[in-house]
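Down below is the structure, laid out as structure tokens.
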2 protein chains.
Amino acid sequence: MKESVVASSLAAEAYAFVRHRILRGELSMGQVISRRKVAAELGMSFLPVSEALLRLEFEGLLESRPRAGTRVRIPSREDVRGHYIVREALEAQAARLFAVVATPEDRADVQKLAARVDAMSVSDASQYLPAHEKLHRRIAEGARCPALSSAIEKTHALASTWFCVTRQTSEGEPPPRRHQDLVDILVAGDPDAAGEAMRQHVARSFENAMERLKPYFRLRKAYGKTFFRSEKRQKKQLIDASALN
Amino acid sequence: MKESVVASSLAAEAYAFVRHRILRGELSMGQVISRRKVAAELGMSFLPVSEALLRLEFEGLLESRPRAGTRVRIPSREDVRGHYIVREALEAQAARLFAVVATPEDRADVQKLAARVDAMSVSDASQYLPAHEKLHRRIAEGARCPALSSAIEKTHALASTWFCVTRQTSEGEPPPRRHQDLVDILVAGDPDAAGEAMRQHVARSFENAMERLKPYFRLRKAYGKTFFRSEKRQKKQLIDASALN
DNA sequence: ACGGAATGTATGATATGACACATTGGGGTG
DNA sequence: CACCCCAATGTGTCATATCATACATTCCGT
């Protein structure tokens, strides 16, 4: 598979390649990544690959131990909680700014996207996550602060790795108009109300995430400190953890 | 000067070394850093140094252009605004959590630190910044969320590079009890009030920062895209920008 | 004397290779 | 049969070398 991305440096190319793989779910959580394998696959030395993996480790997508290996990070309860607390802070700030400085076009776009997301939550589950992220990204754009947008973008990338592996829980109550209600408050223009609404929205996502990731917390403990290189042991641990589901 | 830091890897040592230099103000904004010079100074190859500088660039302390050089980043107006918006979001979140979950010890400590900071704002200006950062760090600790603490830590490190070079503006109104009033609200226990108080506190810091960094915005434009390697040109640009102060 | 092009020099990017350590799986001992 | 030790393999880390590029200096033409 040729990369469509034209990178200025080999390291950037490797970064995009591995990141794309993780976000598409081709690499499951806990899976070990070999720098040399990736380097051979991309036809480059493993030094630019190292730089790319290092960057991904900073972003929280990977974890590595010296001379042991690099693997896709499995979140702990504290990781998920911390992530959603930071995310709540950033998204609430974006909501506050949006309520004040967003243009009429911003508000119209966001309302349109919210309607689409709510519709997808009951019909097309496969496209729900991308649409949901796009809505939040659009809200951040409306806040007119690049630094805030990029900070939020990072948190989304990290969370994406957690959900591309879990099955959609379409069970029970798909509350329609959840996002439409949210953006209705945002476009109204009151920053305090907007921040509070977004805060509650993220808090609901947090509870949902904790529920869906529960089996993986055991998996993380089972993995422990060791980096399994053979797939057999990995599979064994996985089914052991799933059995406790 | 020997490093007291015992690092697991050479890259970590180089990272701590350069970071320490920047935060202590030994490297002024816009100054060019040579990977080979640092490597020779630390007695290592410049590969671990490269890794360290890459990390610092990712954190926003440095900026580099391929095959041109690496220098300490000079902030733009947008950089400072974005930084304080993100910081406001994170610190307000920390304040909210602190108001709810902080222990009695946390609340006592924070009140003690606030009194010290307010006292220093009129007496010992040199120790004011460290004490101020310590107070905010203690508040983040009281929020009981490591991810939030580290996120705030990063923003503080970045801002530190901006102020270790500017003279203290002890002019005019050193409003005493500014921090004591803030923490009085935090310890009261109402999250909404705590978040709002912290938001306003950070907003005041933002206006202060924009005022003090104003001359450097011109300096950034004067530097433009080129990375000066000779010190003469750098000094010339600096005094030219200062003259417009 | 001044401005612009050619040369020299320093920088970052990358490749290759050597090294120390962690994991692995088999074979020996209890 | 369970447990532990140890060579084989794989991994990340780092050093050295080479290359393409950007900056600095010098030299020449005006």
Side-chain angles (χ1 to χ4, degrees), chain A residues 6-18 30-58 62-73 222-237, chain B residues 6-18 30-58 62-73 222-237:
Chain A
V6 179
S8 57
S9 72
L10 294 180
E13 184 183 344
Y15 171 81
F17 178 76
V18 177
Q31 189 160 346
V32 177
I33 298 176
S34 166
R35 289 159 139 85
R36 287 175 172 82
K37 295 268 180 60
V38 175
E41 197 167 349
L42 290 174
M44 63 178 74
S45 172
F46 54 82
L47 209 131
V49 176
S50 288
E51 186 179 316
L53 295 191
L54 191 73
R55 189 167 153 196
L56 287 166
E57 189 180 349
F58 289 153
L62 302 178
E63 61 183 340
S64 75
R65 280 227 326 283
R67 296 173 191 86
T70 304
R71 66 180 177 191
V72 182
R73 173 154 198 161
Y223 269 50
K225 299 191 286 89
T226 63
F227 282 53
F228 300 112
R229 283 202 285 261
S230 72
E231 292 195 0
K232 296 175 194 171
R233 293 281 289 272
Q234 271 197 47
K235 290 291 163 62
K236 183 177 179 298
Q237 296 284 355
Chain B
V6 179
S8 57
S9 71
L10 295 181
E13 184 184 344
Y15 171 81
F17 177 76
V18 177
Q31 189 160 349
V32 178
I33 298 177
S34 166
R35 288 159 141 86
R36 286 177 171 83
K37 295 268 180 61
V38 174
E41 199 167 349
L42 290 173
M44 62 179 72
S45 175
F46 58 81
L47 208 137
V49 176
S50 290
E51 185 179 316
L53 296 192
L54 190 74
R55 189 167 154 194
L56 288 167
E57 184 181 351
F58 186 74
L62 303 178
E63 60 183 342
S64 74
R65 278 225 328 281
R67 295 169 191 89
T70 304
R71 65 180 177 190
V72 182
R73 174 156 195 157
Y223 267 51
K225 300 189 290 91
T226 63
F227 283 54
F228 300 111
R229 284 202 284 258
S230 73
E231 292 194 0
K232 297 176 196 170
R233 294 278 291 271
Q234 270 197 47
K235 291 289 163 61
K236 184 176 177 301
Q237 297 282 355

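When reading the values below, keep in mind they use all heavy atoms of this one structure, side chains included, and skip hydrogens, waters and symmetry mates. A, B, ... follow the sequence lines: proteins, then strands. Residue 1 opens every chain.
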Between A/Arg71 (CZ) and D/dG12 (P), how many Å, whole number?
13 Å

Please work out if B/Ile33 contacts a base, only the sugar-phosphate, or nothing of the nucleic acid, heavy-atom cut-off 4.0 Å.
sugar-phosphate

Once you round it to whole Å, what is the distance between C1' of D/dT11 and CG of A/Leu54?
15 Å

Among the nucleotides D/dT13, C/dA15, D/dC14, whichever has the atom closest to the side chain of A/Leu10 is C/dA15

Please check the phosphate of D/dG12 (OP1 and OP2 only) for any side-chain N or O of A/Ser64 closer than 4.0 Å.
no

Within this structure, what is the NZ-to-P distance between B/Lys37 and C/dG12, rounded to whole angstrom?
10 Å

In whole angstroms, the gap separating P of C/dA13 from CG of A/Leu42 amounts to 18 Å

Hey, does the side chain of B/Arg65 come within less than 4.0 Å of D/dC23's phosphate (OP1/OP2), counting only N and O?
yes

Rounded to whole angstrom units, what separation is found between the CZ atom of B/Arg55 and the P atom of D/dT13?
12 Å

Per atom distances to the B/Ser9 side chain, the nearest of D/dA15, D/dT13, C/dA15 is D/dT13

With a 3.5 Å cut-off and sequence neighbours excluded, list the donor-acceptor pairs that the side chains of residues 42-57 of chain B form with protein atoms.
unit_1: B/Ser50; atom_1: OG; unit_2: B/Arg35; atom_2: NE; d: 2.9
unit_1: B/Ser50; atom_1: OG; unit_2: B/Phe46; atom_2: O; d: 2.9
unit_1: B/Glu57; atom_1: OE1; unit_2: B/Ser64; atom_2: OG; d: 2.9
unit_1: B/Glu57; atom_1: OE2; unit_2: B/Ser64; atom_2: OG; d: 3.3

Can you find a side chain N or O atom of A/Arg35 that sits less than 4.0 Å from OP1 or OP2 on D/dT13?
yes

Distance check: side-chain N/O of B/Thr70 vs OP1/OP2 of C/dT11, anything under 4.0 Å?
no

Nearest of C/dA15, C/dT11, D/dT16 to any side-chain atom of B/Ser45?
D/dT16

Side chain of A/Phe46, heavy atoms from C-beta onward: which of C/dT11, D/dT13, D/dC23 has the nearest atom to it?
D/dT13

Residue pair B/Pro66/A/Pro66 against DNA chain C: nearer the 5' end by closest nucleotide is B/Pro66

Would you mind reading off the distance between A/Glu51 atom CD and D/dT13 atom P, rounded to a whole angstrom?
13 Å

Side chains of B/Val32 and B/Thr70: does their closest heavy-atom pair fall under 4.5 Å?
no

How is B/Ser50 classified with respect to the nucleic acid when contacts are heavy atoms under 4.0 Å: base, sugar-phosphate, or nothing?
nothing

Take the protein atom CG of A/Leu47 and the nucleotide atom P of C/dA18, then report the distance between them rounded to whole Å.
16 Å

Nearest-nucleotide pick for A/Arg67, side chain only, options being C/dG12, D/dG12, D/dC14
D/dG12

Heavy-atom nearest pair, A/Val72 first then A/Leu62, reads CA-CD2, 3.8 Å

Answer yes or no: side-chain N or O of B/Arg36 and base N or O of C/dG12 forming a donor-acceptor pair under 3.5 Å.
yes

A/Met44 CE to C/dA15 C1', in whole Å, measures 12 Å

